[in-house]
Amino acid sequence: PKRYDYQTEPNPLLLALGTAWEKHLEYLLAANGVTVERPEEFMSPEGIAYSPDLIFFNGVTRIGEIKYTSMSADDMPTEPTNNLPPKLDKFNCQLMLYAFWLGLSDGWLAILFNHKPWNPDLRMFDLRWTDRELVDNHAMCMNHARYKGMIK
């Protein structure tokens, strides 16, 4: 989307805060007995390098992503749900693609919403996708990549 066509370089302070948040949450998970690993970079069958933030091995193997954003959490669900708000589609799409390539159907998404720096809001979501959802998402992403000339 055009909203990601940056006129200037991304703010290095915000990038550093995101990285620090990832590392700290990963540490907290491990310190609390969650079996989690930050994997090395993978290569998809299409030749696309990808690196999930985490893989969980507690009961159900799941792919995990940690996000830090200035978006508001006002419209985020507070109860269990099968539907995330559309503004999280980019994160869900990313997780689904990783899950497809790794043969998984479960995911975990942790987002620190820092829209109001004096009142950050942490939300975590356990996700599960059907095989059909994963196949359709993969096809959509690969069709887009071919259209943009990113893959053959």
Side-chain angles (χ1 to χ4, degrees), residues 1-30 34-73 75-77 81-115 121-152:
K2 289 185 180 182
R3 68 179 175 263
Y4 297 117
D5 289 341
Y6 298 106
Q7 300 299 319
T8 61
E9 290 295 315
N11 185 325
L13 178 57
L14 293 177
L15 294 174
L17 286 171
T19 301
W21 168 238
E22 276 187 24
K23 296 289 187 187
H24 187 64
L25 185 55
E26 181 182 352
Y27 163 79
L28 290 174
L29 290 167
V34 177
T35 308
V36 64
E37 177 182 306
R38 180 175 289 270
E40 296 294 322
E41 185 175 83
F42 294 105
M43 188 65 66
S44 77
E46 300 84 6
I48 299 167
Y50 66 103
S51 51
D53 290 339
L54 302 171
I55 298 179
F56 288 79
F57 299 101
N58 281 41
V60 174
T61 302
R62 64 180 68 232
I63 196 79
E65 279 294 312
I66 302 169
K67 304 296 184 185
Y68 176 90
T69 182
S70 59
M71 290 189 293
S72 168
D75 56 349
M76 288 298 111
T81 179
N82 292 329
N83 297 304
L84 295 175
K87 72 181 180 184
L88 299 185
D89 285 350
K90 60 186 170 275
F91 302 147
N92 195 39
C93 178
Q94 175 189 9
L95 277 161
M96 289 173 71
L97 199 53
Y98 293 174
F100 176 84
W101 284 327
L102 292 172
L104 301 173
S105 44
D106 292 278
W108 181 83
L109 177 61
I111 307 173
L112 181 59
F113 293 93
N114 199 24
H115 181 66
D121 196 345
L122 173 62
R123 301 290 173 96
M124 290 182 262
F125 305 96
D126 284 327
L127 306 166
R128 171 168 279 162
W129 308 282
T130 65
D131 289 343
R132 184 77 209 170
E133 288 173 315
L134 294 172
V135 167
D136 287 351
N137 183 70
H138 175 261
M140 175 193 68
C141 290
M142 294 305 103
N143 286 338
H144 177 75
R146 275 189 284 282
Y147 174 76
K148 290 290 191 177
M150 296 158 61
I151 63 171
K152 293 181 181 193

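We count residues from 1, following the sequence as given. From a predicted model like this one, the values you see are computed outputs, not experimental measurements.
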Exam field: side chain [X] to backbone [Y], donor-acceptor pair closer than 3.5 Å:
{"X": "His138", "Y": "Leu97", "result": "no"}
{"X": "Asn58", "Y": "Thr35", "result": "yes"}
{"X": "Asn137", "Y": "Cys93", "result": "yes"}
{"X": "Asp53", "Y": "Ile66", "result": "yes"}
{"X": "Asn143", "Y": "Ala139", "result": "yes"}

Worksheet item: Under 6.0 Å from the CG atom of Asp131, do we count more than 12 heavy atoms belonging to anything else shown?
Response: no
Measuring only between side-chain heavy atoms, which start at C-beta, is [X] closer than 4.5 Å to [Y]?
{"X": "Met140", "Y": "Asp136", "answer": "no"}
{"X": "Glu46", "Y": "Arg146", "answer": "no"}
{"X": "Ile48", "Y": "Met142", "answer": "yes"}
{"X": "Asp126", "Y": "Val60", "answer": "no"}
{"X": "Leu102", "Y": "Thr61", "answer": "no"}
{"X": "Trp21", "Y": "Leu122", "answer": "yes"}
{"X": "Phe125", "Y": "Met76", "answer": "yes"}
{"X": "Leu109", "Y": "Lys67", "answer": "yes"}

Item to complete: Given side-chain contact (heavy atoms from CB on, under 4.5 Å), test Trp108 with Leu29 step by step and report yes or no.
Response: CA-CA 12 Å; Trp108 181 83; Leu29 290 167; 4.0 Å; yes
Minimum-distance pair of heavy atoms, taken over all atoms of [X] and [Y]:
{"X": "Gly18", "Y": "Tyr68", "result": "CA-CB, 3.8 Å"}
{"X": "Glu133", "Y": "Met96", "result": "O-CE, 3.2 Å"}
{"X": "Trp129", "Y": "Ala99", "result": "CZ3-CB, 3.6 Å"}
{"X": "Leu134", "Y": "Ser105", "result": "CD1-CA, 4.2 Å"}
{"X": "Ser51", "Y": "Glu41", "result": "CB-CA, 4.2 Å"}
{"X": "Asn83", "Y": "Pro77", "result": "O-CG, 4.4 Å"}

Practice prompt. Could you please spell out the steps behind the side-chain contact (heavy atoms from CB on, under 4.5 Å) verdict for Leu17 and Asn114?
Written response: CA-CA 11 Å; Leu17 286 171; Asn114 199 24; 5.6 Å; no
Worksheet item: Atom NE2 of His144 and atom OH of Tyr147: how far apart are they, to the nearest 0.5 Å?
Response: 9.0 Å
Worksheet item: Rounded to the nearest 0.5 Å, what separation is found between the NZ atom of Lys87 and the OG atom of Ser72?
Response: 5.0 Å
Fill in: Test of ring centre spacing under 6.0 Å for Trp101 and Phe42
no
Discussion item. I'd like to know whether Leu112 forms a side-chain contact (heavy atoms from CB on, under 4.5 Å) with Thr69, so could you lay out the CA-CA distance, the side-chain angles of the two residues, the decisive distance to 0.1 Å, and finally the verdict.
Written reply: CA-CA 6 Å; Leu112 181 59; Thr69 182; over 6 Å; no
Item to complete: Let me see the working for Ile111 and Leu88 under side-chain contact (heavy atoms from CB on, under 4.5 Å), right down to the final yes or no.
Response: CA-CA 10 Å; Ile111 307 173; Leu88 299 185; 3.6 Å; yes
